[in-house]
Amino acid sequence: MLLNCDPNDREGSMNLVEDLTMNANQVQQQILHEILTQNADTEYLKGFLSSGDHFLRELFKKKVPIVNYEDIKPHIERIANGEPSQIISAQPITELLTSSGTSGGQPKWMPSTAEELDRKTFLYNLLVPVMNQYVDGLDQGKGMYLLFIKPEIKTPSGLMARPVLTSYYKSSNFRNRPFNRFNVYTSPDETILCPDNKQSMYCQLLCGLIQRDEVLRVGAVFASALLRAIKFMEDHWQELCSNIRTGHVSEWITESSCRNAVLDILRQPNPELADLIEFECKEKSWEEIIKRVWPRTKYIDVIVTGSMAQYIPTLDFYSGGLPLVSTMYASSECYFGINLNPLSEPSSVSYTLLPNMAYFEFLPVNKNQEEEVEGVVPPNLNSAEMNCSKKEDKEAGEEKGEAVDLIQVKPGHYYELIVTTFTGLYRYRVGDILMVTGFHNNAPQFRFVHRQNVVLSIDTDKTNEEDLLRAVTEAKQLLDPLGFLLTEYTSYADTSSIPGHYVLFWELKARRMRRGDLDEQLPEVMEECCSTVEESLDSVYRRCRSKDKSIGPLEIRVVRHGGFDALMDFCVSQGSSVNQYKTPRCVKSGEAIKILDSRVMGRFMSNRTPSWEPYRMGSSKN
Ligand code: AMP
């Protein structure tokens with residue numbers, strides 16, 4: 001079922017949404033039927049189902065196991081090495097999408113097909129009519145969207161492996177999109193497709209500034225990217241204004257197609273415009289800068305749910321409180337759904353999963369534990385704990401922790417999302433925890449709660465407890481020669497400056513009485529510890545830090561003896577059990593961070609960027 005949506009046809013598009021959500025169950029049945037019949041001859045499905053089984057949802061659920069990436073990785077690697085797509089998919093796998101979730105330190109590879117690009121286009125096209133229901137006149141100007149591509153590699157079989165958005169922006173679906181007057185960008189495609197991120201950013205901002213009078217909305221995919229753009233503008237506004245004043249583009253913009261595209265827009269010197277922008281940027285405070293520089297902006301289009309919620313206060317500051325709109329929920333595995341009420345407050349955003357995108361199932365997870373995860377101190381559940389809590393759920397259909405269907409989920413309940421896609425993923429655990437907030441017709445709506453296990457995230461990085469432990473274990477060895485032991489650690493994502501950075505709190509103990517000169521060596525060793533932690537984190541972290549520059553240098557703050565006891569006292573005062581208390585490996589509440597910060601004896605920063613290069617198969621470290 002591949003649907004078309006004409007973004008110019010508001011009524012037709014919204015009727016389609018009504019049909020899909022009204023008939024959510026039937027659409028889901030049909031989708032599963034299509035996926036299974038299409039892929040009946042794949043090696044993977046043949047391993048579980050016999051010929052008649054493909055028609056029965058119950059048999060599919062009984063016989064095909066719920067899997068995670070480690071389970072399917074061998075199949076995907078075989079395809080990357082040149083074996084036929086038929087292992088998992090009847091349709092040819094045309095590329096592998098590198099997810100920001102990692103496995104063994106490397107991005108996970110999600111299979112994709114040519115047809116899947118059309119499914120993505122369908123979802124993108126729906127966003128326009130949905131928005132038009134709430135905001136008038138979007139055809140009277142342009143959107144300033146800061147969009148970027150990232151590095152890609154070729155697998156041994158010649159398949160491209162790249163992030164999902166890079167794949168989409170490079171596809172003909174994006175490049176040859178039909179004109180839509182509601183969706184005109186200030187950035188020429190050449191600037192988005194420029195492989196040099198710095199030139200791309202500069203040129204997109206320059207184009208956005210030149211066309212400032214036309215800009216009706218400002219956006220990026222994630223909040224972190226928009227804030228990075230504002231920081232970039234803070235650092236480059238004089239040069240940008242000078243280009244506008246003189247009608248020349250800076251010499252360092254050397255990517256020719258990008259340069260020419262900008263010159264096409266910057267046709268002549270415009271000193272009046274340069275003066276206007278300079279006047280605003282010269283102000284001491286950049287409060288409301290978006291409203292001041294682009295005065296017609298109606299809303300900010302960036303995802304601010306999940307880990308991006310940490311950026312809401314900063315975005316409010318720069319935007320002067322313009323509505324923050326999170327339009328969609330998607331991943332490398334599959335695009336899931338859209339926000340049908342885009343002007344809702346960020347804290348109450350719900351996504352409606354579109355039943356034609358994939359076959360969705362939901363593993364119930366324990367409500368109390370999830371609420372705890374969302375709260376002050378997130379104890380990260382391991383899967384054993386999860387399973388145990390699932391068994392305790394007394395609700396019908398959820399007793400055994402069995403995966404339920406889209407229309408069986410219950411308001412207020414928490415679930416882990418499982419997808420069966422058209423691209424060769426069968427009952428695949430995405431790793432996201434969602435909570436049901438209500439229904440649109442018969443289709444449930446979900447609040448994105450969190451990504452399982454992730455303790456730290458600044459941009460697209462997703463560091464989990466094990467990654468952090470591994471990195472800390474590596475780094476703390478450097479303390480041995482000085483006679484120090486690391487007794488406790490925790491962390492938080494500090495986003496008070498742009499770009500944000502990881503902060504680790506460490507409590508140290510001297511093994512023996514120290515000689516005076518050791519303290520002198522400590523700063524140097526601690527800096528080295530910071531760098532070692534960074535080197536040991538996964539490749540997405542290192543790419544963000546070294547290539548995208550979307551994460552700042554990692555910091556370790558050493559706290560006085562007793563700092564972690566104070567943290568424990570605080571957690572217990574908030575309801576943690578003394579007996580079961582485990583030091584949280586990430587602290588989220590401002591109060592907890594304050595307690596540790598007030599006991600800091602020394603702060604140390606990494607003084608070099610970690611190594612990173614695009615993944616090459618067979619290499620153990622990149
Ligand atoms: P990737 O596989 O790298 O494309 O990342 C996809 C993941 O990003 C999802 O599984 C979510 O964890 C997260 N994500 C995507 N869209 C949203 C959203 N609208 N709100 C919160 N998190 C999101």
Side-chain angles (χ1 to χ4, degrees), residues 68-69 76 95-103 106-112 116 120 123-124 127 130 148-150 152 161-169 219-226 300-312 324-342 344 346-354 357-358 360 362 373-374 415-419 421 423 425 428-435 437 445-464 538-541 543-544 548 550 615:
N68 58 30
Y69 188 72
I76 292 179
E95 58 187 330
L96 296 168
L97 304 177
T98 50
S99 156
S100 53
T102 53
S103 151
Q106 291 304 329
K108 295 172 182 169
W109 282 348
M110 297 301 163
S112 198
E116 198 60 16
K120 291 181 174 124
L123 192 139
Y124 281 125
L127 301 178
V130 168
F148 303 92
I149 57 164
K150 298 202 165 150
E152 56 193 14
R162 53 194 174 191
V164 59
L165 293 171
T166 302
S167 143
Y168 194 75
Y169 300 147
V221 178
F222 289 113
S224 52
L226 181 58
I300 307 291
D301 188 344
V302 283
I303 289 174
V304 285
T305 46
S307 64
M308 291 295 148
Q310 62 191 326
Y311 296 109
I312 293 171
L324 302 176
V325 175
S326 299
T327 54
M328 61 188 274
Y329 169 43
S331 78
S332 312
E333 290 86 338
C334 156
Y335 280 22
F336 306 121
I338 59 176
N339 176 0
L340 288 175
N341 191 10
S344 54
S347 56
S348 49
V349 165
S350 290
Y351 298 101
T352 306
L353 298 198
L354 295 173
M357 297 302 289
F360 299 114
F362 301 85
V373 172
E374 286 187 82
Y415 299 91
E416 183 187 341
L417 178 62
I418 293 171
V419 288
T421 66
T423 57
L425 299 177
Y428 178 81
R429 298 172 80 147
V430 174
D432 290 344
I433 305 295
L434 310 176
M435 191 200 81
T437 53
Q445 300 184 297
F446 296 89
R447 183 159 63 80
F448 180 90
V449 179
H450 69 107
R451 174 129 182 148
Q452 220 161 24
N453 265 333
V454 169
V455 286
L456 289 169
S457 175
I458 296 282
D459 190 30
T460 52
D461 52 306
K462 297 178 173 66
T463 297
N464 64 34
D538 71 24
S539 84
V540 177
Y541 175 88
R543 189 199 66 213
C544 287
D548 306 347
S550 55
Y615 178 67

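Just follow the structure's listing: the first ligand is 1, and inside any ligand the first atom is 1. Model, not experiment: these values are computed from the prediction. Numbers for residues simply follow the sequence, beginning at 1.
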Backbone, side chain, both or neither: what part of [X] comes under 4.0 angstrom of ligand 1, heavy atoms only?
| X | value |
| --- | --- |
| Thr305 | both |
| Tyr329 | both |
| Val430 | side chain |

Quick one: [atom1] on [X] to [atom2] on [Y], what's the gap to the nearest 0.5 Å?
| X | Y | atom1 | atom2 | value |
| --- | --- | --- | --- | --- |
| Lys150 | Glu152 | NZ | CD | 13.0 Å |
| Asn341 | Gln445 | CG | CD | 8.0 Å |
| Phe448 | Ile303 | CZ | CD1 | 9.5 Å |
| Gln452 | Asp432 | CD | CG | 8.5 Å |

**Prompt:** Who's closest to atom 2 (O) of ligand 1 heavy-atom-wise, of Ser332, Ser326, Pro163?
**Reply:**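 Nearest heavy atom to atom 2 (O) of ligand 1 lies in Ser332.
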**Prompt:** Does the pair Thr460 and Ser100 meet the rule for a side chain to side chain donor-acceptor pair (under 3.5 Å), with working shown?
**Reply:** CA-CA 6 Å; Thr460 52; Ser100 53; 5.4 Å; no
Non-hydrogen atom of [X] closer than 4.0 Å to ligand 1:
| X | result |
| --- | --- |
| Phe336 | no |
| Thr460 | no |
| Met110 | no |
| Lys462 | yes |

Compute the shortest N/O to N/O distance between [X] and ligand 1 and return yes if it is under 3.5 Å, no if not.
| X | value |
| --- | --- |
| Ser99 | yes |
| Met328 | yes |
| Ser100 | yes |
| Arg451 | yes |

**Prompt:** Cut-off 3.5 Å, side chains only: do Glu116 and Thr423 have a donor facing an acceptor?
**Reply:**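 The answer is no; no qualifying pair exists.
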**Request:** For Tyr329 and Thr305, test the side chains for any donor-to-acceptor distance below 3.5 angstrom and give the result as yes or no.
**Result:** no
**Asked** Parallel, tilted or perpendicular: which describes the rings of Tyr124 and Tyr168, with under 30° parallel and over 60° perpendicular?
**Response**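 Taking Tyr168 first and then Tyr124, their aromatic rings sit tilted (interplane angle of 30° to 60°).
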**Asked** So which heavy atom on Cys544 is nearest to which on Asp461, and how close?
**Response** SG-N, 4.2 Å
Note the single closest protein heavy atom to [atom], along with its residue, its atom name and the distance in Å.
| atom | result |
| --- | --- |
| atom 9 (C) of ligand 1 | Asp432 OD2, 3.2 Å |
| atom 14 (N) of ligand 1 | Ala330 O, 4.1 Å |
| atom 6 (C) of ligand 1 | Ser331 CB, 3.4 Å |

**Asked** Between Tyr415 and Phe360, is the gap from one ring center to the other below 6.0 Å?
**Response** no
